[in-house]
Amino acid sequence: MKSKQIFLSPSAGKKLIALALAQDASVLEAMEKHTVLVVAGTTNAYLAEALLARLGDTDFEKYRFFRGIIRREGIPESLGKLEGDVIIRKGERIRGKSIHDVADEMKAGDMIFKGANAVHLATGESAVLAGNPTSGTMGPIYRAAVGRRVRVIVPVGVEKRVEQPIHELCQIVNRAQASGLRLAPSVGMAYTELDAIRNLTGANPHLIAAGGVCGCEGSAFFQCEGTGEQLEKLEYWLHQVSSTPRFSFANCK
C-alpha cells in the first residue's frame with residue numbers, strides 16, 4: 001500500500017466531483033434513458049458543463065449558472081437572469097426550462113442534482129440555506145424524491161463541512177426565535193471530493209488539513225492510500241483539475 005498527499009482548491013474540488021459523476025454508469029444511463037436535472041449552483045455548474053460535454057454541447061457558461069450566491073459585493077446586474085436549469089432528457093438538452101417546469105413530471109429512474117451549503121461528512125447528510133419563504137427549489141425536489149422516488153445526488157465540496165448532525169443544525173436555525181436564513185435538509189446523499197477520489201481511482205482518501213490564502217481559502221489536503229496503479233490514476237485526474245481557476249465573474253464570456 002502506498003500513500004500520496006494531494007491539495008485541492010475549492011474550484012478544483014468542484015471540477016473533480018463533476019468529472020467523477022460524469023463517468024458514473026448510473027448517471028450516464030439516466031442521461032440516455034431517462035431525465036437528468038442539474039439545478040443551478042456554482043458546484044453544479046461544473047457538473048452541468050461535464051455532462052453537456054459528453055453530448056458534444058459546449059454552449060454553456062458555468063459562471064452564470066446559479067440562483068443565489070454568497071459574495072460580499074452582490075451580483076453584477078450585467079450577468080442578467082438565469083436562463084434555466086440544465087435538463088437532459090433521453091440524450092437531448094431541453095433549453096429554457098427550470099426545475100419548477102419539469103420536477104412534477106419526473107419519476108423513478110430520473111435523477112436530480114442539487115448542491116448544498118452544509119455537509120456532515122460522517123453521515124453523508126447535507127442541507128441548503130433557504131431564503132425563499134415558499135421553499136424555492138427544495139419544494140419540487142422533495143415532491144419528486146419522496147413522492148415519486150426520483151434519485152437525488154448532492155454534489156458538495158468538503159469546505160462546507162459542519163461538525164454537528166444536520167438535523168440538529170436545522171432545529172437550531174429554523175426555530176421561531178432565530179433570525180437570518182433558514183436551513184433545509186437535503187433528501188439525497190452528499191457526493192464530495194472524497195467520493196470522487198474513491199470512484200475515479202479506487203484509492204482511499206483521508207481529509208487531513210485545510211486552509212489557504214490569496215485565492216486558496218477553503219482548500220483541502222487529502223492523504224490518499226492505494227496501489228501504485230490507483231495512485232497513478234489519482235495523478236492523472238489531479239492533472240485534469242489542478243489548474244482550475246477560482247470562481248470569478250471576470251471569467252464570464
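Just so you know, these numbers come straight off a predicted model, no measurement behind them.
Judged as a side-chain contact (heavy atoms from CB on, under 4.5 Å), and not counting sequence neighbours, the contacts of E229 are T227, K233.
Side chain of D101 to backbone of S98: a donor-acceptor contact under 3.5 angstrom is found. Not a single donor-acceptor pair under 3.5 Å links the side chain of E83 to the backbone N or O of G96. Formation of a donor-acceptor pair under 3.5 Å by the N117 side chain with backbone atoms of V128 is not found in this model. Looking at R54, its side chain does come within 3.5 Å of a backbone N or O of A22 through a donor-acceptor pair. Side chain of R148 to main chain of M106: a donor-acceptor pair is present (N/O by atom type, distance under 3.5 Å, no hydrogens or angles). Although no hydrogens or angles enter the test, the distance criterion places no donor-acceptor pair under 3.5 Å between the side chain of H34 and the main chain of E29. For the pair N44 (side chain) and F113 (backbone), a donor-acceptor distance under 3.5 Å is present. Formation of a donor-acceptor pair under 3.5 Å by the R182 side chain with backbone atoms of G131 is found in this model. Put simply, the side chain of K160 gets close to the backbone of A116: a donor and an acceptor are under 3.5 Å apart. Side-chain atoms of T201 never come within 3.5 Å of backbone atoms of R198 as a donor-acceptor pair (strictly under, hydrogens ignored).
Rounded to the nearest 0.5 angstrom, L200 CG and L19 CG are separated by 7.0 Å. Interatomic distance, L21 CG to L51 CG, rounded to the nearest 0.5 Å: 7.5 Å. Here the NZ atom belonging to K15 is positioned 6.5 Å from the OG atom belonging to S243, to the nearest 0.5 angstrom. One finds the CD atom of Q230 at 12.0 Å from the CD1 atom of I197 (value rounded to the nearest 0.5 Å).
Around CD of E92, the count of heavy atoms belonging to other residues, nucleotides or ligands within 6.0 Å does not exceed 12.
Residues L183 and V173 approach most closely at N-CG1, 3.7 Å, considering heavy atoms. For V241 against A12, the heavy-atom pair with the smallest separation is O-CB, 3.4 Å. Contact between P10 and S219 at its shortest, heavy atoms only, is CD-OG, 3.5 Å.
Residues I17 and E193 form a side-chain contact, since some pair of their non-hydrogen atoms from C-beta on lies under 4.5 Å apart. Between L55 and M31 the shortest side-chain heavy-atom distance falls below 4.5 Å. Using a 4.5 Å heavy-atom cutoff, the side chains of L37 and D85 are in contact. In this structure, V187 and K114 have side chains that are not in contact, with every pair of non-hydrogen atoms separated by 4.5 Å or more. Between Y191 and V154, every side-chain heavy-atom pair lies at or beyond the 4.5 Å cut-off.
At a threshold of 4.5 Å between side-chain heavy atoms, the hydrophobic network of Ile, Leu, Val, Met, Phe, Trp and Tyr places L52 and F65 in one connected group. Residues Y142 and I99 share a hydrophobic cluster, clusters being chains of Ile/Leu/Val/Met/Phe/Trp/Tyr side chains in contact below 4.5 Å. The hydrophobic clustering, which links ILVMFWY residues whose side-chain heavy atoms are closer than 4.5 Å, places I153 and V158 apart. Connection of F66 to V39 is not established within any shared hydrophobic cluster, with ILVMFWY side chains joined at heavy-atom distances below 4.5 Å, either directly or through further cluster members. Taken together through direct or relayed side-chain contacts under 4.5 Å among Ile, Leu, Val, Met, Phe, Trp and Tyr, I87 and V36 form parts of separate hydrophobic clusters.
For H206 and E225, the side-chain atoms include at least one donor-acceptor pair closer than 3.5 Å. A donor atom on one side chain and an acceptor atom on the other are found under 3.5 Å apart for K14 and T42. With hydrogens and angles left out, the side-chain atoms of S3 and Q223 include a donor and acceptor closer than 3.5 Å.
Here E235 pairs with K4 in a salt bridge; the nearest charged N to carboxylate O distance falls below 4.0 Å. Look at E105 and R89 and you find a salt bridge, because one of the NZ, NE, NH1 or NH2 atoms lies within 4.0 Å of a carboxylate O, short of that distance. R149 and D110 are not joined by a salt bridge, as no carboxylate oxygen comes within less than 4.0 angstrom of a charged side-chain nitrogen. The pair D59-R95 meets the salt-bridge criterion, since a charged nitrogen lies less than 4.0 angstrom from a carboxylate oxygen.
The hydrophobic cluster containing F221 also includes F7, I208, under a criterion of side-chain heavy atoms closer than 4.5 Å among ILVMFWY residues, counted directly or through chains of members.
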- Task: Might you work through the side chain to side chain contact (heavy atoms under 4.5 Å, CB included) test for M111 and V150, ending with a clear yes or no?
- Result: CA-CA 6 Å; M111 193 174 290; V150 174; 5.7 Å; no

- Item | Chi angles and distances behind the side chain to side chain donor-acceptor pair (under 3.5 Å) call for R161, T192 | CA-CA 10 Å; R161 62 195 178 276; T192 72; over 6 Å; no

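Screening T244, D195, L8 against L16 for a side chain to side chain contact (heavy atoms under 4.5 Å, CB included) leaves a single residue, L8.
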